[in-house]
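Computed from a prediction, not measured in an experiment: that's the story for all the values here. Order of the sequence lines sets the chain letters (A, B, ...), proteins ahead of strands, with each chain counted from 1. Basis for what follows: all heavy atoms, side chains included, without hydrogens, waters or symmetry-related copies.
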Amino acid sequence: MAETRPHLPEAPAAAPLPEAADGPYDPTAVEAKWYRFWEDGGFFHADVEAVTSGEKEPFVIPMPPPNVTGRLHMGHALQDTVQDLLIRMKRMQGFEALWIPGQDHAGIATQNVVERKLREAGQDRKEMGRETFLQHVWGWREEYGDIILQQKRRLGDSCDWRYSRFTMDEGFSRAVQEVFVRLHEQGLVYRGEYLVNWDPENQTVISNEEVDNVERPGSLWTIRYPVVDANGQDTDEALLIATTRPETIPADTAVAIHPEDERFQHLIGQRVRVPVGDRLVPVIADEAIKMDFGAGALKVTPGHSEVDWEIGKRHEIEVLSIMNLDGTLNELAGAYAGMERVAAKKQIVADLDAQGYLVKTEDYTVTTPISSRSKAVIEPLLSPQWYVSMAPLAEKALEVVNDGTVTFYPARWANEYRRWMEDIRDWPISRQLWWGHRIPVWYYTDADGEIDESREFVVSVDQPEAGMVQDEDVLDTWFSSWLWPFATLGWPDPETETEGAAMASPEALKAFYPASVLVSGYDILFFWIARMIMAGTHFTEAVPYRDVFITGMIKDKQGRWMSKSLGNGIDPLDMADQYGADAVRFTLAVLCAQGQDIKLDPAKFEGGRNFANKVWNASRVFGRYIETDRDGRPTTDAKRTRAFADLSLVERWIVTRLAETVASVDASMRSYRISEAANTVYDFLWRDFCDWYLELIKPGRDESGEFETMDAETLALAVEVFEGALKLLHPFMPFLTEELWWKQRPRHAREALIACDWPSPDPAEQDAEAVALFATVQDLVSAVRQIRAQYGVAPSKPVAVTVSVGGDSAEATAEALESVRSYIERLAGVDDLVIAPDASKPPASAAVVVDRHQVFVPLAGMIDLDAERDRLRKEIEAKRGFLASVEKKLGNENFVSRAPEAVVAKERQKRDDATAEIAALEANLADLG
RNA sequence: GGGCCCUUAGCUCAGGGGUUUAGAGCGCUCGCCUCACACGCGAGAGGUCGUUGGUUCAAAUCCAACAGGGCCCACCA
């Protein structure tokens with residue numbers, strides 16, 4: 001759709017061809033200009049019309065929206081590399097590719113950041129009030145919110161920025177509230193007072209998924225609870241109770257033992273005296289108690305423990321809540337009221353000890369729940385919150401993964417997903433924060449403006465009646481993120497123009513939803529990925545995306561998580577400055593093997609840098625023969641005129657290899673084997689294109705040191721093949737490839753590489769025989785080089801070589817090799833080459849067996865006979881070992897009769913070849929005397 | 001307590017029933033500033049694919065157990 005782009009900028013001038021003295025490729029100069037060209041030129045734009053008209057298939061990736069407080073880290077760089085790779089590739093393959101960027105408002109994180117900043121300025125959130133505080137947050141977002149999006153541009157992310165959404169923008173907010181209203185109407189959202197994970201630091205509830213369980217050294221105290229008689233007087237008996245949390249003793253409302261515990265049968269139904277506060281509580285029996293833990297009795301504290309809450313429910317035990325929201329004890333804690341929980345714990349233990357109730361204190365490893373946000377110790381607390389019933393949503397979400405509508409890559413993540421979905425819990429969605437989507441619940445007020453509890457609340461996006469007040473709480477951040485793939489496109493109401501939704505329209509929603517792929521880390525599989533699938537199937541009756549590609553997580557060199565506190569983070573932008581964004585991308589792609597975590601050593605980016613440099617230099621070999629104007633723009637459009645059959649052997653070989661590479665890259669990418677695809681492109685360019693093809697076609701210099709010319713046809717083919725390689729490489733290294741692209745031919749701005757068609761090689765232009773013959777050339781060249789290296793023949797010194805051609809069709813092979821003798825001469829430094837079937841060995845020559853052929857290099861006076869004999873003996877020995885293994889196989893009746901014929905034939909071929917080679921080697925050995 | 005992953009060359013990792021007797025990058029050894037590239041070129045050394053069993057004509061590859069390492073989930077107070 002290039003034609004529809006209004007003001008195509010001129011392509012930036014290509015830098016003049018560097019001279020050798022210029023040193024290595026400098027990405028900084030090159031990378032700066034292209035992003036602007038692409039962005040200004042609208043190359044990232046996805047056109048709705050192209051899809052609705054049926055002209056193109058959509059390919060859509062919703063970018064995991066980074067937090068507004070976020071700064072680009074290696075995890076982003078990895079995931080963005082994968083996403084941009086897919087987007088650029090699909091775009092070139094003719095899809096209307098849309099990568100939707102945006103940002104997440106990140107409730108707690110952002111509120112904390114802004115609050116901290118205000119505190120530094122001596123201001124307090126609570127003093128300034130909700131409205132003023134929110135203004136500060138929006139101001140903060142104005143100022144810093146775009147930083148991470150700018151950082152993503154540096155990496156080359158080709159997202160359509162026009163589609164960018166913020167989860168707090170007007171339309172998105174309406175979608176969030178609409179979802180709450182709908183769920184309420186469907187009976188799937190409810191308010192309830194249960195034990196929640198309370199973060200006393202942030203003073204908000206958080207969900208189970210936001211709690212980390214950490215093992216910490218602590219103590220296990222054993223405390224005596226006296227059994228009392230009918231009159232409430234202490235008897236001689238007592239239950240010993242082990243606890244790690246004595247500060248909750250004031251909230252004990254029962255003591256429990258196992259129903260089958262012989263020791264305490266007679267106590268069931270009796271009462272004990274809680275040694276703090278002297279309350280009398282019943283002894284109950286419950287299966288959940290472990291007889292062998294501590295002394296076999298558990299204090300039941302339903303107000304402050306999840307397990308106890310469950311036990312309490314079963315036995316209708318009273319619930320006491322002794323803690324305030326800030327973590328201090330309340331008046332129900334009696335003497336300890338007002339104390340902070342840690343201080344209270346110490347004091348209670350000291351008092352129990354003084355009063356003789358403390359039986360013993362042991363060191364004990366306590367599993368402590370920690371808020372992943374504030375790192376504060378979570379307090380299970382009774383609190384009224386809003387919940388979503390998840391089971392009905394999970395059912396459909398499970399189905400679409402089970403029936404393959406959604407596919408996970410790697411597949412094992414589908415199992416993790418299932419496991420979670422099958423055992424899902426309701427989701428507490430209210431948060432006691434200010435920054436976020438206000439819960440759309442409205443209350444009637446009385447004459448004093450207080451909430452009138454006697455009247456039913458109303459759930460509605462807009463204020464239902466004047467004078468009603470809205471619920472103070474906001475919704476969990478993930479309650480907006482789970483709508484990301486469709487709310488970004490304007491769902492549920494794309495007709496209504498809302499701020500921040502420039503591209504939303506019914507057509508866009510229809511064209512670009514569902515998305516194609518989601519790329520994310522497994523750390524948010526449950527937080528986000530699973531919930532999006534639930535939201536998609538529930539609200540839109542569609543899956544949000546067909547494929548889910550789960551990347552590994554980036555760790556440091558030693559395998560530890562990168563964190564601010566460890567200071568072991570590697571900044572992708574530093575790396576981009578140091579090595580180039582292309583190098584960062586390519587390196588990450590190479591490291592992106594399926595699903596494994598990546599232990600990243602910054603030195604690894606050198607590999608990507610070296611490759612960029614290699615490609616850059618390769619272009620110079622033939623690039624110097626392309627005529628250009630003063631701005632470095634090519635002035636001629638050399639196209640090959642020769643038919644494929646008329647190409648030289650190495651040309652037919654490289655064209656075939658390119659075709660094979662395209663097929664291989666396509667296959668790898670189809671199954672998200674990113675690293676495999678990257679390595680395939682790398683090998684083609686470095687091993688095939690540079691090491692062999694360029695070495696053969698590059699002109700030398702004549703006696704006076706002037707470059708010889710390159711003929712137009714050779715140049716045309718080099719440009720053609722290199723362009724194919726640039727296309728393959730472009731999704732990995734967009735900047736470098738775009739730069740080199742413009743050095744090849746005169747082009748119109750719309751023919752930027754980013755907008756090019758993906759290579760689709762002509763099946764007629766592939767030549768398996770050329771590949772086979774060239775492989776022989778490569779082997780012969782290597783053989784000569786081997787001898788040269790072994791005997792220390794200076795690279796500058798030419799040698800004479802005799803190739804004794806063997807095998808079944810020696811005559812034909814010799815003839816074919818004869819036609820490309822110059823390759824061998826050139827690459828192996830040969831000045832006198834004899835190629836003949838069964839040529840005899842020149843005297844005093846070193847010999848190497850290559851397939852059925854032999855390579856002889858006469859080295860009068862240079863050969864160390866003993867060393868040569870040694871080498872030959874070793875080689876013979878190795879070959880014999882190989883032959884033995886093959887013969888063993890062939891001697892196995894079962895193998896011959898049961899293995900496929902082709903496999904057996906292959907083994908026979910191996911045996912025959914090895915036999916012939918051994919014979920040749922032995923002849924050489926004998927010849928040495 | 002359940003579940004998942006990893007264990008292959010000195011290091012970091014690919015591969016995942018027969019593709020020569022196992023590959024890459026880095027590191028190492030030897031020789032080269034060969035006029036695209038020393039961020040380079042050529043030639044090498046280096047591994048009984050964690051252990052033990054099994055399935056199979058054939059196992060690094062599939063299965064089981066075990067041993068190390070890591071991760072996730074779970075209410076042991």
Side-chain angles (χ1 to χ4, degrees), chain A residues 18 20 23-25 213 220 241-245 256 288-290 292-294 297-301 305-311 364 366-367 412-413 415-416 419-420 423 522 525-526 553 557 559 579 583 587 590-591 593-601 603-604 606-607 609-624 673 675-676 679 682-683 690-691 694-695 698-701 705-707 782 785-790 792-796 827 829 851 878-879 881-886 889 892-900 902-904 906-907 909-910 913-914:
Chain A
Y25 167 60
N213 289 305
L220 183 67
I241 287 170
T243 180
T244 57
R245 306 201 59 208
I289 282 67
K290 302 225 158 56
D292 55 357
F293 188 90
L298 171 76
K299 71 189 203 60
V300 181
T301 321
S305 157
E306 188 76 28
V307 198
D308 297 13
W309 168 265
E310 295 296 327
I311 295 173
Y364 192 74
V366 185
T367 307
R412 68 187 149 92
W413 291 109
N415 294 330
E416 288 284 307
R419 212 162 45 76
W420 192 69
D423 189 30
Y522 56 77
L525 179 61
F526 306 138
M553 308 301 294
K557 210 170 148 178
Y579 300 107
T587 301
V590 166
L591 295 175
Q594 285 229 357
Q596 289 317 119
D597 286 347
I598 296 168
K599 281 196 242 173
L600 189 65
D601 178 345
K604 292 205 166 166
E606 286 173 14
R609 178 201 59 185
N610 294 354
F611 183 45
N613 185 238
K614 186 73 180 177
V615 175
W616 175 259
N617 279 301
S619 75
R620 293 166 47 192
V621 173
F622 52 90
R624 73 173 86 244
R673 294 198 299 266
S675 129
E676 196 176 271
N679 279 128
Y682 179 96
D683 283 343
C690 290
D691 287 354
L694 283 188
E695 288 301 328
K698 73 178 179 189
R701 292 193 186 192
E706 289 301 305
F707 280 108
S782 292
R785 285 171 173 173
Q786 201 182 316
I787 292 168
R788 298 186 72 116
Q790 188 184 350
V793 182
S796 52
L827 295 175
D851 300 330
K879 275 280 186 259
F882 172 62
L883 181 60
S885 77
V886 174
K889 247 188 214 177
N892 182 341
E893 184 50 40
N894 277 326
F895 172 71
V896 179
S897 59
R898 295 205 202 180
V903 174
V904 178
K906 199 183 269 177
E907 290 301 315
Q909 183 66 45
K910 282 189 207 167
D913 287 348

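Distance from the side chain of A:Arg609 is smallest to B:C39 among B:C39, B:G40, B:G3.
To the nearest whole angstrom, the two C1' atoms, one in B:G54 and one in B:G42, are 47 Å apart. For B:A74 and B:G2, the C1' atoms lie 8 Å apart once the distance is rounded to whole Å. Only the C1' atoms considered, B:A45 is 15 Å distant from B:G31, to the nearest whole Å. Atom C1' of B:A24 sits at a distance of 32 Å from the matching atom of B:C66, rounded to the whole Å.
The phosphate of B:G3 (OP1 or OP2) has no side-chain N or O of A:Asn415 nearer than 4.0 angstrom. In this structure, A:Gln786 reaches the B:G44 phosphate: one of its side-chain N or O atoms is under 4.0 Å from OP1 or OP2. Phosphate contact (OP1/OP2 of B:A77, side-chain N/O of A:Tyr364, threshold under 4.0 Å): present.
Using Watson-Crick or G-U wobble geometry with both donor-acceptor distances under 3.5 Å, B:G23 finds its partner in B:C13. Pair check for B:C66 finds B:G50; Watson-Crick or G-U wobble, both atom distances under 3.5 Å. Figure legend. B:G42 is base-paired to B:C30; pairs are counted as Watson-Crick or G-U wobble with both atom distances under 3.5 Å.
Using modelled atom types and a 3.5 Å distance limit, the side chains of A:Arg620 and A:Asn617 yield a donor-acceptor pair. A:Gln909 and A:Asp913 form a side-chain donor-acceptor contact under 3.5 Å, judged by distance and modelled atom types alone.
If you check every strand for non-hydrogen atoms under 4.0 Å, A:Ala242 touches a base. Here A:Ser885 lies out of heavy-atom contact (under 4.0 Å) with every strand. Using a 4.0 Å heavy-atom criterion, one finds that A:Ala794 contacts no nucleic acid atom at all.
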